[in-house]
Amino acid sequence: MTSSDSAQTPAKAPAKDPWDLPDVSGLVVGVLGGTGPQGKGLAYRLALAGQRVIIGSRAADRARTAAAELGHGVEGADNAETARRSDVVIVAVPWEGHGKTLESLREELTGKLVVDCVNPLGFDKKGAYALKPEEGSAAEQAAALLPGSRVAAAFHHLSAVLLQDPEIAEIDTDVMVLGEERADVEIVQALAGRIAGMRGVFAGRLRNAHQVESLVANLISVNRRYKAHAGLRVTDV
Ligand SMILES: NC(=O)c1ccc[n+]([C@@H]2O[C@H](COP(=O)([O-])OP(=O)(O)OC[C@H]3O[C@@H](n4cnc5c(N)ncnc54)[C@H](OP(=O)(O)O)[C@@H]3O)[C@@H](O)[C@H]2O)c1
């Protein structure tokens with residue numbers, strides 16, 4: 001290379017710091033199926049961190065009752081109103097109701113960042129095992145059903161028991177965050193990072209969501225053997 005070649009080579013932009021995450025404190029977070037342990041637990045932790053949170057239900061009165069139990073400014077509404085009023089919508093319904101719920105809320109979820117935390121699992125006498133959704137994963141089913149939404153996946157490996165326990169000050173775990181757009185993934189990482197003890201780590205595109213969803217079957221085995229509420233840490237990042 002001559003000195004004139006190097007003079008013409010444009011300077012490479014410095015790599016973006018992967019931990020430089022956006023300020024998400026002003027976003028409204030909705031939780032579909034927010035009356036269940038996972039949804040209530042996430043709502044409680046995010047609200048404790050100062051996030052505005054609405055929990056959704058198929059019945060508005062159930063959501064309002066659950067929201068009143070949680071306190072910290074959490075509101076309750078039916079799933080459709082929750083989706084409409086939120087910037088980020090966490091899907092925390094059982095796998096059995098996943099497709100139907102999302103299909104029925106397609107319009108309300110248009111333009112929203114939808115964060116799927118659903119683990120398609122079966123249970124038999126040997127314990128929990130991963131189901132294989134036709135689309136590849138729950139998250140990919142969400143993306144297929146919601147072409148007008150931005151879909152990400154996260155919060156699969158949390159213990160709802162720990163999330164809901166007011167005696168637990170910090171949730172000692174990483175959260176694997178998957179998605180197609182870096183900006184959306186970083187919003188979800190930043191939300192996870194608002195919860196004391198928790199860290200959101202990018203873990204790939206939605207085509208790799210199946211392994212992340214399935215890993216919960218292994219964590220359930222861990223929990224049963226060791227009578228624990230196991231979390232996960234990704235080391236060296
Ligand atoms: N529990 C955990 O520790 C944990 C951890 C990580 C991820 N997850 C995932 O989070 C999701 C929710 O878990 P969960 O334990 O909170 O579940 P859940 O209690 O069984 O369900 C959550 C809520 O979803 C609504 N629901 C129930 N059946 C429904 C259906 N057929 N269609 C639409 N909505 C329905 C109910 O609310 P309304 O009756 O008020 O509508 C219920 O309170 C699951 O997909 C699970 O894989 C759970």
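Read the numbers this way: they start at 1 and go in the same order the structure lists the ligands and their atoms. Here, residue 1 is the first one in the sequence, and each next residue gets the next number.
- On a distance-only criterion, Phe155 and ligand 1 share no N/O pair closer than 3.5 Å.
- Numbered from 1 in the order shown, with element, the atoms of ligand 1 that lie under 4.0 Å from a heavy atom of Ala92 read 11 (C), 12 (C), 22 (C).
- Heavy atoms of Arg58 found under 4.0 angstrom from ligand 1 belong to the backbone as well as the side chain.
- Side-chain atoms of Asp174 and His157 form no donor-acceptor pair, as typed in the model, at a separation below 3.5 Å.
- Not a single heavy atom of Ala59 sits closer than 4.0 Å to an atom of ligand 1.
- The protein heavy-atom contact nearest to atom 31 (N) of ligand 1 is Gly97 CA, 3.6 Å.
- The shortest contact between atom 16 (O) of ligand 1 and any protein heavy atom is with Gln38 N, 3.0 Å.
- Annotation: Glu96 places no N or O atom under 3.5 Å from an N or O atom of ligand 1; distance criterion only.
- In this structure, the side chain of Ser137 does not engage the main chain of Pro133 through any donor-acceptor pair within 3.5 Å.
- Crowding of Arg233 atom CZ: a count of heavy atoms from other residues, nucleotides or ligands under 6.0 Å exceeding 12.
- In terms of modelled atom types and a separation under 3.5 Å, the side chain of Lys112 and the main chain of Arg84 share a donor-acceptor contact.
- The main-chain N or O of Val114 is never found under 3.5 Å from a side-chain atom of Ser149 such that the two would form a donor-acceptor pair.
- Counting only distance, with no hydrogens or angles, the side chain of Glu213 and the backbone of Ala139 share a donor-acceptor pair below 3.5 Å.
- Ligand-side atoms of ligand 1 in range of Ser57: 38 (P), 40 (O), 41 (O), range being under 4.0 angstrom from any heavy atom.
- Only the backbone of Leu158 comes within 4.0 Å of ligand 1, counting heavy atoms alone; no side-chain atom from C-beta on gets that close.
- The shortest N/O to N/O separation between Ala160 and ligand 1 falls below 3.5 Å.
- Heavy atoms of other residues, nucleotides or ligands lying less than 6.0 angstrom from NZ of Lys126 number 12 at most.
- The shortest N or O to N or O distance between Val93 and ligand 1 is under 3.5 Å.
- Distances below 4.0 Å separate heavy atoms of Cys117 from the following atoms of ligand 1: 7 (C), 8 (N), 9 (C), 10 (O).
- In summary, Arg150 and Glu180 do not engage in a salt bridge, as defined by a charged side-chain N under 4.0 Å from a carboxylate O.
- Here the options are Val31, Leu32, Val91, the test is side chain to side chain contact (heavy atoms under 4.5 Å, CB included), and the partner is Asn79; only Leu32 passes.
- Scanning the protein for heavy atoms near atom 23 (C) of ligand 1, the closest one is Gly33 O, 3.5 Å.
- Side-chain contact of Ser214 with Gln211: a donor-acceptor pair under 3.5 Å is absent, judged by distance alone.
- Judged by distance alone, with hydrogens and angles left aside, the side-chain atoms of Ser159 form a donor-acceptor pair with the main-chain N or O of Leu162 at under 3.5 Å.
- The shortest contact between atom 19 (O) of ligand 1 and any protein heavy atom is with Pro37 CD, 3.2 Å.
- With hydrogens and angles ignored, the 3.5 Å screen pairs a side-chain donor or acceptor of Gln51 with a backbone N or O of Leu27.
- Listed by number with element, the atoms of ligand 1 under 4.0 Å from a non-hydrogen atom of Thr35 are 36 (C), 37 (O), 38 (P), 40 (O), 42 (C), 43 (O).
- Within the 4.0 Å heavy-atom criterion, the part of His156 lying near ligand 1 is the backbone and not the side chain.
- Polar contact check, Asn119 against ligand 1: a nitrogen or oxygen pair lies under 3.5 Å apart.
- Heavy-atom proximity to atom 33 (C) of ligand 1, evaluated over Thr101, Ile220, Leu42, is greatest for Thr101.
- Shortest contact from atom 24 (O) of ligand 1 to any protein heavy atom: Pro94 CD, 3.4 Å.
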